[in-house]
Amino acid sequence: MSIHLQPLTRRRFIAAAAASVPGLMSLRYLHAADRDPNLFALLSDTHVPERPDIPARGVNMTENFQRVAAELVAHPQSPAAVLINGDCAYLKGLPADYANLAGLLDPLRAAGLPVHLNLGNHDHREQIIQSLAKYRPADQPVPGRRITVLQTERVNWFMLDTLDKVNVTPGLLGEPQIKWLGEALDAHADKPAIIYAHHDPVFKLPEGRRNTGLVDTDAFFNVIAPRRHVKAYVFGHTHRWEHHERDGIHLINLPPTAYVFRKDLPNGWVAAAVKPDGIKMTLHTLDKDHKQDGEVVDLKWRA
């Protein structure tokens, strides 16, 4: 399973639930009266460093995370969970990076928010597991990968692991994980499915360009496109806030919580409100004067 941090309260928000796929365990959200069961806080590319005083590209990543966490705790609608979509650590996934991150997550957990972590190319699979050892589940549906199905009221979130090599840009799902995904999607066809993973899909490269995104995009889409209950793929990695569509599947690129690669681009987080027939994404930028702060993207599910 992925890395899951329960709230620092006695209340339980999620429970393990077996599925019909051998070796698959999923997490089913329990009802909590003080949480919106269909609202999720989406973060990506936090790039938390080993020390709080380390900056990059003109920003302090630790301070950025603290600001986002404060916004989440104070948000008028409490989300069901916080989903962090990879590149949790700065560059190489050092143990000290994850020690710093664990402290930054405590205010969220103290506020009763469960947190779920995906892995990106700047994470280190063994180090994050060791650093957050008490949150490590024993069962792994695909050996060497941290993957989970989150069952919520209106959708199932399929959290995948695209980390291939640490601090090397491209990502890979791999044949075993893609096979598992097909089986897991078939086992959870009762609700719309949202795929949540770090790397951006790459369908056609310009001549002379190398692939810096998901290397096995074609194999991945061969599995998800025919399954009509797959409605969206949400990813990070490019440090851009964008949304497109392919084969009726919404492609949603989350902004970074850390730094941007171009000064006019926003960083921050996204509030995702799942509706019966779609999802409404609201951008919350760290720069409250940014022209895109509060931007809403209201998407309808394909039939």
inquiry  = Does E242, at its CD atom, have more than 12 non-hydrogen atoms belonging to other residues, nucleotides or ligands within less than 6.0 Å?
reply    = yes
message = Using every non-hydrogen atom in the two residues, find where L185 and A193 come nearest and quote the distance to one decimal.
response = CD2-CB, 3.8 Å
remark   = Sorted by chain and number, sequence neighbours left out, side-chain contact (heavy atoms from CB on, under 4.5 Å) with D164 holds for L172
ask   = Mind checking what makes side-chain hydrogen bond (donor to acceptor under 3.5 Å, both in side chains) contact with R262, not counting sequence neighbours?
value = D264
query = How are the rings of F158 and H188 set to each other: parallel, tilted or perpendicular (split at 30° and 60°)?
reply = perpendicular
inquiry  = Less than 4.5 Å apart, side chain to side chain, heavy atoms only: is that true for Q177 and F220?
reply    = no
task = Compute the centroid of each ring, for H290 and then for H284, and state whether the two points are separated by less than 6.0 Å.
result = no
note = Here the pair of heavy atoms bringing A80 nearest to P114 is O-CD, 3.3 Å
remark   = Between L113 and P79 the two heavy atoms that sit nearest each other are CD2-O, 3.3 Å
ask   = Under 3.5 Å, is there a donor-acceptor pair between the T169 and N121 side chains?
value = no
query = Side-chain contact, heavy-atom cut-off 4.5 Å: L181 with I195?
reply = yes
note = Hits for side-chain hydrogen bond (donor to acceptor under 3.5 Å, both in side chains) against D216, two or more places apart or cross-chain, chain-then-number order -> none
inquiry  = The test is salt bridge (Lys or Arg N to Asp or Glu O under 4.0 Å); show your working for D200 and R240 and say whether it passes.
reply    = CA-CA 10 Å; D200 57 308; R240 298 178 69 92; over 6 Å; no
key: Within the 6.0 Å centroid threshold, strictly below: W269 and H75   = yes
message = What verdict does the side-chain hydrogen bond (donor to acceptor under 3.5 Å, both in side chains) test give for N253 and H243, after you've listed the backbone C-alpha separation in whole Å, the side-chain angles of each residue and the deciding distance to 0.1 Å?
response = CA-CA 6 Å; N253 195 168; H243 45 91; over 6 Å; no
request  = Could you please spell out the steps behind the side-chain hydrogen bond (donor to acceptor under 3.5 Å, both in side chains) verdict for H198 and D87?
outcome  = CA-CA 8 Å; H198 180 71; D87 280 2; 3.3 Å; yes
Salt bridge R302-D247, side-chain N to carboxylate O under 4.0 Å = no
key: Under-4.0 Å salt bridge between R146 and D161   = no
message = Could you check whether any side-chain N or O of R109 sits under 3.5 Å from a backbone N or O of V115, counting only pairs where one atom can act as donor and the other as acceptor?
response = no
Test of ring centre spacing under 6.0 Å for H199 and F235 = no
query = Any ion pair linking K179 and E183 (charged N to carboxylate O, less than 4.0 Å)?
reply = yes
task = Output yes when D97 and K92 qualify as a salt bridge under the 4.0 Å nitrogen-oxygen rule, no when they do not.
result = no
message = Please give me the minimum heavy-atom distance between P255 and P266, naming the atom from each residue.
response = CB-O, 3.7 Å
request  = Check the pair Q151, N156 against side-chain hydrogen bond (donor to acceptor under 3.5 Å, both in side chains), reporting the backbone distance first and the verdict last.
outcome  = CA-CA 5 Å; Q151 298 182 58; N156 293 320; 5.5 Å; no
query = Does the cation-pi check pass for R246 over F203, that is, NZ or CZ under 6.0 Å from the six-membered ring centre and within 45° of its axis?
reply = yes
For T212, all residues meeting side-chain hydrogen bond (donor to acceptor under 3.5 Å, both in side chains), sequence neighbours excluded = none
ask   = Got a second to check how far K275's NZ is from W301's CH2, nearest 0.5 Å?
value = 9.5 Å
ask   = Just by distance, with hydrogens left out, do T285 and N267 show a side-chain donor and acceptor under 3.5 Å apart?
value = no
message = How close do V215 and P170 get, counting heavy atoms only, and between which atoms?
response = CG2-CB, 3.8 Å
query = What ring-ring contact (aromatic ring centres under 6.0 Å, His included) pairs are there with at least one residue in residues 92-114, not counting sequence neighbours?
reply = none
For the student: nearest non-hydrogen atoms of D45 and H239, plus distance = OD1-NE2, 3.3 Å
key: N85/S44 under side-chain hydrogen bond (donor to acceptor under 3.5 Å, both in side chains): CA gap, chis, key distance, verdict   = CA-CA 5 Å; N85 205 358; S44 190; 5.0 Å; no
query = Does some side-chain heavy atom of Y233 sit less than 4.5 Å from a side-chain heavy atom of Y196?
reply = no
task = Return the set of residues passing salt bridge (charged side-chain N to carboxylate O under 4.0 Å, His left out) with E71 (not counting sequence neighbours), or none when no residue passes.
result = K288
